[in-house]
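Heavy atoms only: backbone and side chains are in, while hydrogens, waters and symmetry mates are out. Quick note on labels: first sequence line is chain A, next is B, and so on, each numbered from 1.
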Amino acid sequence: MPEFTGPEGRVLENESPIKVKEILKKWKSAKGVVAALVDDVATDLGAEIASDAEVLPIEGDSRLGLQILRHSASHLMAQAVKRLYPGTRLGIGPAIEDGFYYDMDIPEQLGEDDLDTIEKEMRRIAKENLPVTREILPKEEAEKLFAERDEIYKIELIKELEGDSVTTYRQGEFVDLCRGPHVENTSVLKHFRLLSVAGAYWRGNESNKMLTRIYGTAFASKEALEEYINRIEEAKKRDHRKLGRELDLFSLQPEAPGFPFFHSKGMVVVNKLVDFWRKEHTRRGYTEIKTPLILDRDLWIRSGHWDHYRENMYFTEIDERPFAVKPMNCPGGMLVYKSQIRSYRDLPLRMAELGTVHRHERSGVLHGLMRVRCFTQDDAHLYVRPDQIKDEILGIMDLVHYIYTDVFGFPYRVELSTRPEKAMGDPGMWEVAERDLQEALEEAGVPYRINPGDGAFYGPKIDFHLEDCIGRTWQCGTIQLDFQMPEKFDISYIGPDGAQHRPVMLHRTIYGSLERFFGILIEHYAGAFPYWLAPVQVRIIPVSEDHLEYAAEVKANLMEKEIRIDTDIRDEKLGKRIRDAQIQKIPYMVVVGDREARTQTLAVRERTKGDLGSMTLSGFLEHLETLPDPTR
RNA sequence: GCCGGCGUAGCUCAGCUGGCAGAGCAGCUGACUUGUAAUCAGCAGGUCGUCCGUUCGAAUCGGAUCGCCGGCUCCA
C-alpha cells in the first residue's frame with residue numbers, strides 16, 4: 001500500500017491513487033496551499049499519485065508558491081488579452097522576481113490605459129471558476145492543437161523541446177504550452193495588478209519581431225499586494241533623477257543627451273568621494289596618473305579596440321590626422337608603463353587613474369547617471385608577475401569590501417564573467433586567467449555567480465553589482481585579468497636574471513564610474529547623505545532680522561573649520577525654514593535668536609533626531625568631530 | 001537602434017469632442033518680526049519641445065524631428 005509522508009511527521013496510507021489535494025486535506029494542511037512538493041517536484045494539487053512519496057504543501061505566500069501564483073496569473077492575463085483582442089498569439093509568459101509578464105503578438109497597439117480593461121477581464125475570468133487542467137500530449141498532437149489556434153510561436157517552442165511529448169494547461173477556452181504547475185482554479189487568483197506595457201523582441205533577439213510585453217504582479221493576500229505597490233511608490237521617491245533635480249545635484253539637458261551636468265552641490269559629493277578614494281589608494285600603495293582624452297587612432301588599432309569596440313567610440317581629426325576619444329584608459333596607461341624600463345623590484349605596480357571616458361551608447365539605453373555616454377572611471381592598472389596575481393586580486397577584493405560594506409553599507413553581488421564569443425587571444429590563456437580569478441574568489445570565501453560568455457574581449461572579469469532603489473542592479477566595481485594588452489604593446493620588466501619578462505595586467509575599478517556610483521548613493525541614502533558627504537552640512541536659521549549679525553558671526557566661525565554652511569535669511573516663519581531645511585535633507589540646523597546671541601550658544605537641530613537643545617560653538621564642533629568621516 | 005507612452009511657467013500638473021493658456025509650489029515686492037516641518041497679500045513668469053501640414057481658426061487633429069520615461073537588444 002502506498003505510503004505518503006508529510007510535514008511534521010504526518011503519514012498517510014491509501015490504497016487507490018489519490019489526488020495530492022486530498023492527501024493534504026486529510027492532514028488539514030490544504031489551507032492557502034497552491035501546489036505541493038512531491039518528492040521535491042512542484043506538482044499540481046489535482047495530480048494523482050499512486051506510489052510512496054513525500055508530500056509537502058506549497059503555500060501561496062512562500063517563494064515557490066508566489067512563483068506558481070504569478071505564473072498562473074500570467075496565463076489568466078493572456079486569456080483575458082485573447083478574449084479582448086482576437087487574433088492575439090502567445091509568446092512566453094513566465095513568473096519573474098516580484099511578478100510576471102507575458103509576451104504576445106497583439107494585433108492592436110496597447111497603451112497603459114488598456115491595462116485596466118485587461119485587469120477587469122481577468123477578474124471576470126477568475127470569477128468564472130474555471131478549473132485549470134493539465135494534459136500530456138504527444139508532440140505531433142500538440143503541434144496540431146496549436147496550429148489550429150494559429151499559435152506560431154508555441155509551435156516554434158514545441159519543435160525545440162526535448163522528448164516526445166509536451167504538457168499543456170487548459171482553463172476554459174484557453175490552452176497554453178506549459179510545464180506548470182499551476183493553481184487548480186482561476187478563482188484562486190485574487191490579488192493581482194497589471195503594471196506596465198513594453199515592447200520585447202521574440203526570444204530576445206533584435207532581428208525577430210517585436211511583441212507586446214505586459215508586466216504584472218500577484219500576491220497571496222491583499223495586504224502583500226498593497227505593500228508591494230507602496231514599495232514601488234516609495235522607490236520612485238528615491239529615484240536619483242528626481243532627487244538630483246530637487247536637491248540641485250545635477251541635471252541632464254537636451255543639448256547633451258547622456259552627458260550629465262554636475263551642479264555645485266553634486267560636485268561636493270563627487271569631490272568628497274574622490275578625496276576618500278585618493279586617501280585610501282595612497283594608503284594601499286597606489287600611485288596616480290592621468291592620460292589624455294584623445295589619442296591617435298593607431299593606438300586603438302593596436303589595442304584591439306578598433307576591431308572589438310569601434311561602434312562604441314567617437315572619432316575626430318586633428319590636422320588631417322585621425323584620432324579617437326578614449327572609451328577606456330588602458331592603452332594610455334600602457335604608454336606610461338612603457339615610458340621607462342621597469343624592474344621586477346617595481347612590481348606589483350599599481351597605477352590608478354580617474355579617467356574620463358566617452359562611449360557611444362545607443363539612445364534607448366541612457367538612464368540618468370546610471371547609463372551615460374561620458375563618465376569617469378576610478379580606474380587602476382596593476383602590472384604584476386604571474387605569481388603575484390592572486391594576492392593582488394585578494395587585495396582589490398579587500399578594498400572593494402571595505403568601501404562597499406564598511407564605509408557605505410551596501411549589499412553587493414559578485415559575478416565571474418568568462419570568455420565571450422568575440423574574444424581576443426589564445427583560449428589556453430583564457431583558461432589560466434579564469435582559473436586564477438576563480439581561485440582568488442574561492443580563497444576570499446565570497447559567494448559568486450558565474451556569467452558565462454560575459455567577459456571583456458581581452459580577459460575574464462570579476463564584477464561587483466549594486467542594486468538601485470527599484471531593484472535594478474548595476475555593475476560598479478570590476479577586476480579584469482588581461483594577458484592580451486601586455487602582449488599587444490610588448491611591455492616587459494627586467495627580472496633578477498637580467499632578461500625581459502612579460503608582466504600580467506589587471507584592470508580594476510571600485511566605484512566603477514563616479515557618475516553611476518553617485519546615482520546609486522543618492523538612491524541608497526534617499527538624498528539624505530551622511531554628514532561627511534552632505535553638500536550643505538549645517539544651515540543657520542536666524543529667528544528674526546535682529547539676529548543676522550550673530551548668525552554671520554557663527555557662520556564665519558564654522559567656515560573657518562571648513563564646514564559647508566549656509567544661512568537661510570529669508571523673511572519666513574521659523575517653522576517654514578526648518579521644514580525647507582528638512583526637505584533639503586541638511587544634516588544640522590542651527591537656530592539662533594535672542595537667547596543664543598545673549599549666551600553665545602547655538603540651538604542645534606539634527607535632521608533625524610530633532611532638537612538637540614542648545615550648546616556652545618565649541619561643544620557643537622566637538623560633536624561634529626565625532627561623526628564618521630573616512631576622508632579624515 | 002527597436003516597441004510603446006509622454007513633452008503646457010523653474011517644479012508638479014489642469015486645460016472635455018479645435019474658438020483669446022490656468023492652478024499650486026518656487027521666485028520677486030510689500031505687510032508681519034517670526035522659537036523647531038508651510039503667515040498673509042500682490043506682482044511677474046509660457047512661440048504649449050521644434051518644424052511642416054489640415055483648418056476661417058491648432059496646446060488640442062495629421063506627419064516629421066528632437067528629448068524624456070518604461071521595456072527589449074546592447075553594456076569592456
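Judged by Watson-Crick or G-U wobble contacts below 3.5 Å, the nucleotide B/A64 has B/U50 as its partner. Pairing partner, B/G10: B/C25, with both Watson-Crick or wobble hydrogen-bond distances short of 3.5 Å.
Comparing atom distances between the A/Tyr201 side chain and each of B/G35, B/C72, B/C68 picks out B/C72 as nearest. Minimum atom distance to the side chain of A/Val365 is reached by B/C74, of the listed B/C74, B/U39, B/U36. Comparing B/G35, B/A37, B/G71 against the side chain of A/Val591 picks out B/G35 as the nearest. In this structure, the nucleotide among B/G71, B/C11, B/G67 sitting nearest to the side chain of A/Pro257 is B/G67. Among the nucleotides B/A26, B/G35, B/U36, the one closest to any side-chain atom of A/Ile578 is B/U36. Nearest nucleotide to the side chain of A/Arg213, out of B/G35, B/C72, B/C68: B/C72. Listed candidates were B/A38, B/C72, B/U33. Nearest to the side chain of A/Ala200 is B/C72.
Atom P of nucleotide B/G4 and atom CG of A/Asp114 are separated by 13 Å, given to the nearest angstrom. Rounded to whole Å, the distance from CE on A/Met370 to C1' on B/C69 is 15 Å.
If A/Gln480 and A/Ala256 are placed on RNA chain B by their nearest nucleotide, the residue sitting closer to the 5' end is A/Ala256.
In this model, a side-chain donor or acceptor of A/Arg371 finds a partner on the base of B/C74 within 3.5 Å. Between the base of B/U73 and the side chain of A/Arg362 there is a donor-acceptor pair shorter than 3.5 Å. Between the side chain of A/Glu596 and the base of B/G35 there is at least one donor-acceptor pair of N/O atoms closer than 3.5 Å.
Using a 4.0 Å heavy-atom criterion, one finds that A/Arg570 contacts the sugar-phosphate atoms exclusively.
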*asked:* Quick one, A/His381 with A/Tyr337, criterion ring pair (Phe, Tyr, Trp, His ring centres under 6.0 Å). Give me CA distance, side-chain angles, the key distance, then yes/no.
replied: CA-CA 10 Å; A/His381 297 103; A/Tyr337 183 94; over 10 Å; no
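Results of the side-chain contact (heavy atoms from CB on, under 4.5 Å) test with A/Tyr153 over A/Leu90, A/Leu211, A/Asp103, A/Asn208 single out A/Leu211 as the only residue that passes.
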